Engineer: 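If you scroll down you'll find the structure; I have some questions about it.
This one's a predicted model, so the numbers in the text were calculated from it and none came from an experiment. Numbering of ligands and ligand atoms starts at 1, following listing order.
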Amino acid sequence: MWTSIASLLALLSSSAALNIILTNDDSWASANIRAAYDALKADGHDVLLVGPAVQQSGKGGTFVLPTSNITAPGGEFNTVAVGAPYFGHDVKNPDLFYFNGTPAAAVVFGIDILAPIHFGSNPIDLVVSGPNEGQNNGPFTFTLSGTVGATYTAVERGIPAVAFSAGNGTHRSFTTNTGDTSDPANLAAQVVVNIVRALSNNVNVSQERLLPLGIGMSVNIPTFGPGINCTNPPSTFTRLTGGATVNQITLDPTTGFPVANNLEARGVNANINGVRDDPGETPTSAGCETAVSIFSVDYDAPERIAVPIQRRLRKNIRADNLP
Ligand SMILES: *[C@@H]1O[C@H](CO)[C@@H](O)[C@H](O)[C@H]1NC(C)=O
Ligand SMILES: *[C@@H]1O[C@H](CO)[C@@H](O)[C@H](O)[C@H]1NC(C)=O
Ligand SMILES: *[C@@H]1O[C@H](CO)[C@@H](O)[C@H](O)[C@H]1NC(C)=O
Ligand SMILES: *[C@@H]1O[C@H](CO)[C@@H](O)[C@H](O)[C@H]1NC(C)=O
């Protein structure tokens, strides 16, 4: 009996309407970010989109501000004219902004300049970044990715943030979205909505944060959809480490030039902080599962590892130089 009451209560308990800043690195006009905007709005959230004016993939957390108005060749997919202001909104929808800077700079422009206008004195509950066109697995792409860069920048500012990276890496404009639920952009957007629901279900954001200070999430979605070998991926908790790759250099035998190759190196896979039994996100999202990793922006080595190192250094370094 009580189980049916519990499920009734579960039905009645709705997810809160959140104040969300939505950003990415593939530009404000990508199919993925616009599909995520539409899906989050349809789920009842107040969404302010602030994305780079042009493709800013691979910029990590670099912080580059505009020093001029829009220069040639204009905004991504001809969405912004040459000479237009360095930021601006869609002619039809004043909630969709471009900003001519890196993803980390775009999200901070959203936080400091646009959010106070859009949300007034109400706080930003969540930053959503992506879905990126292509996955961002492991600590190496974590620091490389502009999508994740905007995410950890928001987390550093104290705002809960989640990065989404989709398996389908096609760079395309929102105008190419077929409108069908099976369009890869709409499929990825539905994953965004589901994860945001899971994060906010039964949380009263005026009393409680969606994630603790210094903590964010990175979600890697596999390539999926009707007609391919993965149609309905379940979500799995993962670590950034575990089966992750980093660059190795070999020399091209013909040209002599260096070539970068993926190497599953030991350093990048040392499991220092993550949940030991969780699998790595790299092998997980290569299969038919959405990998959900929880990260922290505290780069300090944990006390249990740092203290013995400090003890050893203290013995070997002149005593008057160390506490
Ligand atoms: C940038 O655009 C704004 C708005 O159109 C204009 O007022 C300003 O003069 C422009 N600045 C430069 C340096 O071109
Ligand atoms: C990725 O998306 C593009 C654009 O919708 C589509 O043409 C392509 O088939 C997709 N690739 C896969 C592997 O699903
Ligand atoms: C959420 O918390 C605020 C502030 O404590 C309170 O006013 C509001 O009624 C709560 N909302 C719900 C749905 O419980
Ligand atoms: C689906 O097929 C692709 C391309 O052949 C392959 O790379 C991928 O590993 C397959 N995924 C699963 C879950 O079997």
Side-chain angles (χ1 to χ4, degrees), residues 8-20 28 43-46 52-54 64-75 79-91 94 97-101 105-106 109 113-114 117 119-126 133-138 141 160 165-170 182 184 187-188 191 196-211 219-236 238 242-245 262 264 279-292:
L8 182 65
L9 287 175
L11 279 175
L12 291 174
S13 73
S14 61
S15 304
L18 305 174
N19 294 334
I20 296 176
W28 77 310
D43 213 38
H45 303 296
D46 189 349
V54 297
V64 181
L65 295 174
T67 54
S68 69
N69 285 334
I70 299 294
T71 52
T79 47
V80 189
V82 175
Y86 69 86
F87 82 100
H89 62 71
D90 181 80
V91 279
F97 279 89
Y98 69 86
F99 175 77
N100 198 19
F109 190 76
I113 309 298
L114 299 176
I117 300 167
F119 298 119
S121 57
N122 297 318
I124 304 155
D125 299 314
L126 182 68
E133 294 164 346
Q135 293 181 341
N136 287 304
N137 286 300
T141 49
S165 304
N168 191 309
T170 305
S182 69
L187 290 171
V191 176
V196 170
R197 269 188 203 169
L199 199 57
S200 58
N201 194 30
N202 290 323
V203 177
N204 184 339
V205 284
S206 56
Q207 292 176 355
E208 191 180 348
R209 299 170 53 87
L210 290 177
L211 289 168
V219 177
N220 277 286
I221 306 167
T223 308
F224 78 103
I228 60 174
N229 57 3
C230 175
T231 50
N232 191 17
S235 294
T236 304
T238 49
T245 59
N262 285 339
E264 197 179 315
E281 60 186 10
T282 307
T284 298
S285 62
C288 187
E289 286 171 291
T290 294
V292 179

Engineer: Could you check if a side-chain atom of N137 sits within less than 4.5 angstrom of a side-chain atom of S285, using non-hydrogen atoms only?
Structural biologist: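 Yes - at least one pair of side-chain heavy atoms lies under 4.5 Å apart.
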Engineer: Need the ligand 1 atom indices (1-based, order shown) with element for anything under 4.0 Å from a heavy-atom of P85.
Structural biologist: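 Listed by number with element: 4 (C), 5 (O).
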Engineer: Quick one: nearest non-hydrogen protein atom to atom 13 (C) of ligand 1, plus distance?
Structural biologist: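 For atom 13 (C) of ligand 1, the nearest protein heavy atom is N69 ND2, 4.5 Å.
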Engineer: Taking atom 2 (O) of ligand 4 as the point of reference, which of I228, T223, N229 owns the nearest heavy atom?
Structural biologist: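 Going through I228, T223, N229 one by one, N229 has the nearest heavy atom to atom 2 (O) of ligand 4.
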Engineer: I need the nearest protein heavy-atom contact for atom 9 (O) of ligand 4: residue, atom name and distance, please.
Structural biologist: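 Scanning the protein heavy atoms, the shortest distance from atom 9 (O) of ligand 4 goes to A286 O, 3.8 Å.
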Engineer: Please state which protein non-hydrogen atom is closest to atom 3 (C) of ligand 3 and give its distance, to 0.1 Å?
Structural biologist: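 For atom 3 (C) of ligand 3, the nearest protein heavy atom is S206 OG, 3.2 Å.
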Engineer: Can you list the ligand 4 atoms lying under 4.0 Å from a non-hydrogen atom of C288?
Structural biologist: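 Those of ligand 4 that fall under 4.0 Å from C288 are 13 (C).
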Engineer: Among protein heavy atoms, which lies nearest atom 5 (O) of ligand 3, and at what distance?
Structural biologist: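 That would be Q207 NE2, 2.9 Å.
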Engineer: Closer than 4.0 Å to some heavy atom of G287 - which atoms of ligand 4 meet that?
Structural biologist: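 Atoms satisfying the 4.0 Å criterion: 13 (C).
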Engineer: Out of curiosity, I221 CD1 to N168 CG, how far, rounded to the nearest 0.5 Å?
Structural biologist: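 Between atom CD1 of I221 and atom CG of N168 there are 11.0 Å.
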Engineer: Start with the C-alpha distance between L114 and F99, add both sets of side-chain angles, then the distance that settles side-chain contact (heavy atoms from CB on, under 4.5 Å), and finish with yes or no.
Structural biologist: CA-CA 11 Å; L114 299 176; F99 175 77; over 6 Å; no
Engineer: Rounded to the nearest 0.5 Å, what's the gap from CG on D46 to CD1 on I124? Could you check?
Structural biologist: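 Between D46 CG and I124 CD1, I get 11.0 Å after rounding to 0.5 Å.
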Engineer: Non-hydrogen atoms of C230 versus ligand 4: any pair closer than 4.0 Å?
Structural biologist: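 Not so, C230 does not reach ligand 4.
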Engineer: Write out the residue and atom name of the closest protein heavy atom to atom 8 (C) of ligand 3, then the distance separating them to 0.1 Å.
Structural biologist: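 Heavy-atom neighbour on the protein nearest atom 8 (C) of ligand 3: N204 ND2, 3.8 Å.
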